[in-house]
A.B. asks: 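Below: one structure in structure tokens.
Everything numeric here is computed off the predicted structure, so don't read it as measured data.
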Protein chains: 2
Amino acid sequence: MALTEPKARVAVLKALAHPTRLEIIQILSQGTRCVSEIEKSVGGDMSTVSKHLSLMRKAGLIGFKKGGLHINYEIACGCLDGFLRFVDSLAGNRVLDEQLCC
Amino acid sequence: MALTEPKARVAVLKALAHPTRLEIIQILSQGTRCVSEIEKSVGGDMSTVSKHLSLMRKAGLIGFKKGGLHINYEIACGCLDGFLRFVDSLAGNRVLDEQLCC
DNA sequence: AAACTACATGGCAATTTTGCCTAACAAATG
DNA sequence: CATTTGTTAGGCAAAATTGCCATGTAGTTT
């Protein structure tokens with residue numbers, strides 16, 4: 001299998017390397033949320049939130065489903081949780097079992 | 001166990017969200033390398049490479065050991081490999097087993 | 001001690017990112 | 001049609017990132 005292109009890797013990492021976007025991911029990890037709900041949680045302008053969502057969508061991190069008047073966003077990949085636990089592990093906390101980390 | 005501070009998470013992700021730094025990680029995953037070796041591989045000024053290394057060091061991704069005249073850098077955490085496989089998975093390629101991802 | 005090697009660091013300009021605002025636009029609903 | 005919800009684009013200023021240059025520094029060699 002071919003290696004993932006560096007650009008795609010960097011895009012994924014950049015999409016996560018922002019406090020607000022990380023917060024959005026955390027919110028979505030609890031379940032589906034529409035844009036205005038996310039906006040209330042993280043603050044800031046809706047256009048700003050929408051741009052963050054667009055960026056993460058293009059990186060393939062999140063998806064959405066239309067529901068009536070709302071657009072409900074959701075985590076695209078279940079492994080994102082494990083991924084963020086890796087981040088925590090690398091950030092200094094040991095929250096993974098020996099098998100998975102260090 | 002306390003959650004990792006958002007700042008530390010973002011620092012780790014930012015430290016990886018750069019093509020050159022990702023390349024350096026890949027080089028170091030093959031073994032210890034000194035700065036001039038890394039410089040030859042990735043190109044650019046040594047001061048630039050040194051700053052990349054410093055950034056990743058502060059994020060806790062890499063460490064170093066002094067050896068004679070050289071400073072040999074190394075991956076700080078073995079789980080970085082698995083981490084990058086997660087990134088690839090999120091970037092579109094499915095390289096993880098069902099247990100780990102999606 | 002002087003010179004040299006291997007890196008680190010500060011400064012600086014160019015580029016990118018971010019966030020707010022405004023406005024135009026689309027789609028679903030009443 | 002009017003309203004609500006959200007996307008997208010443009011403009012713009014503030015902030016962060018990037019990369020090279022010049023200089024500083026620590027350890028080594030002569």
Side-chain angles (χ1 to χ4, degrees), chain A residues 6-28 31-76 91, chain B residues 5-28 31-76:
Chain A
K7 273 191 179 184
R9 283 193 192 179
V10 172
V12 166
L13 289 163
K14 277 192 179 180
L16 286 169
H18 189 284
T20 301
R21 291 196 289 267
L22 222 43
E23 193 182 348
I24 292 175
I25 291 291
Q26 198 162 337
I27 291 168
L28 292 182
T32 295
R33 296 284 188 280
C34 72
V35 180
S36 37
E37 286 175 320
I38 297 171
E39 183 194 1
K40 284 176 189 168
S41 295
V42 306
D45 197 73
M46 180 188 274
S47 70
T48 299
V49 173
S50 190
K51 279 185 184 176
H52 281 309
L53 292 170
S54 172
L55 206 163
M56 290 194 284
R57 200 158 25 86
K58 285 170 185 164
L61 296 179
I62 60 178
F64 64 87
K65 285 173 184 166
K66 295 186 179 180
L69 206 49
H70 295 273
I71 295 185
N72 298 300
Y73 278 86
E74 61 191 1
I75 301 279
Chain B
E5 294 178 45
K7 275 191 178 182
R9 281 193 195 179
V10 173
V12 165
L13 290 163
K14 279 191 178 179
L16 286 170
H18 189 283
T20 301
R21 291 196 290 268
L22 224 41
E23 193 183 347
I24 292 174
I25 291 293
Q26 198 161 337
I27 291 168
L28 291 183
T32 295
R33 296 284 188 280
C34 71
V35 180
S36 37
E37 286 174 322
I38 298 171
E39 184 195 1
K40 284 176 189 167
S41 295
V42 307
D45 198 74
M46 179 187 276
S47 70
T48 300
V49 173
S50 188
K51 279 185 181 177
H52 283 310
L53 292 170
S54 171
L55 208 163
M56 292 194 283
R57 200 158 25 88
K58 285 171 186 165
L61 296 179
I62 60 178
F64 64 87
K65 286 173 184 163
K66 297 186 180 180
L69 208 48
H70 296 272
I71 295 186
N72 297 300
Y73 279 86
E74 60 191 2
I75 302 280

A.B. asks: Contacts to DNA chain C from residues 16-25 of chain B, heavy-atom cutoff under 4.0 Å, which residues?
C.D. replies: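 Close to the strand, none.
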A.B. asks: Closest approach to the side chain of Val35(B), judged atom by atom: which nucleotide of dT17(D), dA8(C), dT5(D) is it?
C.D. replies: dA8(C)
A.B. asks: Run the side-chain donor-acceptor check on residues 42-52 of chain B: report pairs under 3.5 Å with partners two or more places apart or on a different chain.
C.D. replies:
| unit_1 | atom_1 | unit_2 | atom_2 | d |
| --- | --- | --- | --- | --- |
| Asp45(B) | OD2 | Ser47(B) | N | 3.0 |
| Asp45(B) | OD2 | Ser47(B) | OG | 2.6 |
| His52(B) | ND1 | Arg21(B) | NH1 | 3.1 |

A.B. asks: What integer distance in Å separates Leu69(B):CG from dC4(C):C1'?
C.D. replies: 9 Å
A.B. asks: Listed by chain and number, what are the ring-ring contact (aromatic ring centres under 6.0 Å, His included) partners of His70(B), not counting sequence neighbours?
C.D. replies: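 Once residues adjacent in sequence are excluded, His70(B) has no partner under the ring-ring contact (aromatic ring centres under 6.0 Å, His included) criterion.
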A.B. asks: Do any of residues 38-49 of chain B sit with a heavy atom less than 4.0 Å from DNA chain C, and if so which?
C.D. replies: Met46(B), Ser47(B)
A.B. asks: Is any side-chain heavy atom of Ile62(A) less than 4.5 Å from a side-chain heavy atom of Ile24(A)?
C.D. replies: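 Not in contact.
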A.B. asks: Any side-chain N or O of His70(B) below 4.0 angstrom from OP1/OP2 of dC7(C)?
C.D. replies: yes
A.B. asks: When you measure from every atom of DNA chain C, which of residues 50-68 of chain B have a heavy atom less than 4.0 Å away?
C.D. replies: Ser50(B), Lys51(B)
A.B. asks: Hey, is the side chain of Tyr73(A) poking within less than 4.0 Å of OP1 or OP2 on dT5(D), counting only N and O atoms?
C.D. replies: no
A.B. asks: Could you tell me whether Ile71(A) contacts a base, only the sugar-phosphate backbone, or nothing, with contacts defined as non-hydrogen atoms closer than 4.0 Å?
C.D. replies: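 If one applies the 4.0 Å heavy-atom cut-off, Ile71(A) turns out to touch the sugar-phosphate alone, with no base involved.
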A.B. asks: Taking atom CD1 of Ile71(B) and atom CG of Leu53(B), what is their separation to the nearest 0.5 Å?
C.D. replies: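 Between atom CD1 of Ile71(B) and atom CG of Leu53(B) there are 10.0 Å.
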A.B. asks: For the pair made of CG in Leu13(A) and P in dT17(C), what is the distance, rounded to whole Å?
C.D. replies: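 It is 14 Å, rounded to the nearest whole Å.
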A.B. asks: For Cys34(A) versus Asn72(A), what's the shortest heavy-atom pair and its separation?
C.D. replies: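 In this case the closest contact between Cys34(A) and Asn72(A) is CB-OD1, 3.6 Å.
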A.B. asks: Could I get the full list of salt bridge (charged side-chain N to carboxylate O under 4.0 Å, His left out) partners for Lys66(B), not counting sequence neighbours?
C.D. replies: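 Applying salt bridge (charged side-chain N to carboxylate O under 4.0 Å, His left out) to Lys66(B) gives none.
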A.B. asks: Using whole Å, report how far CG of Asn72(B) lies from C1' of dA6(C).
C.D. replies: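 That distance rounds to 11 Å.
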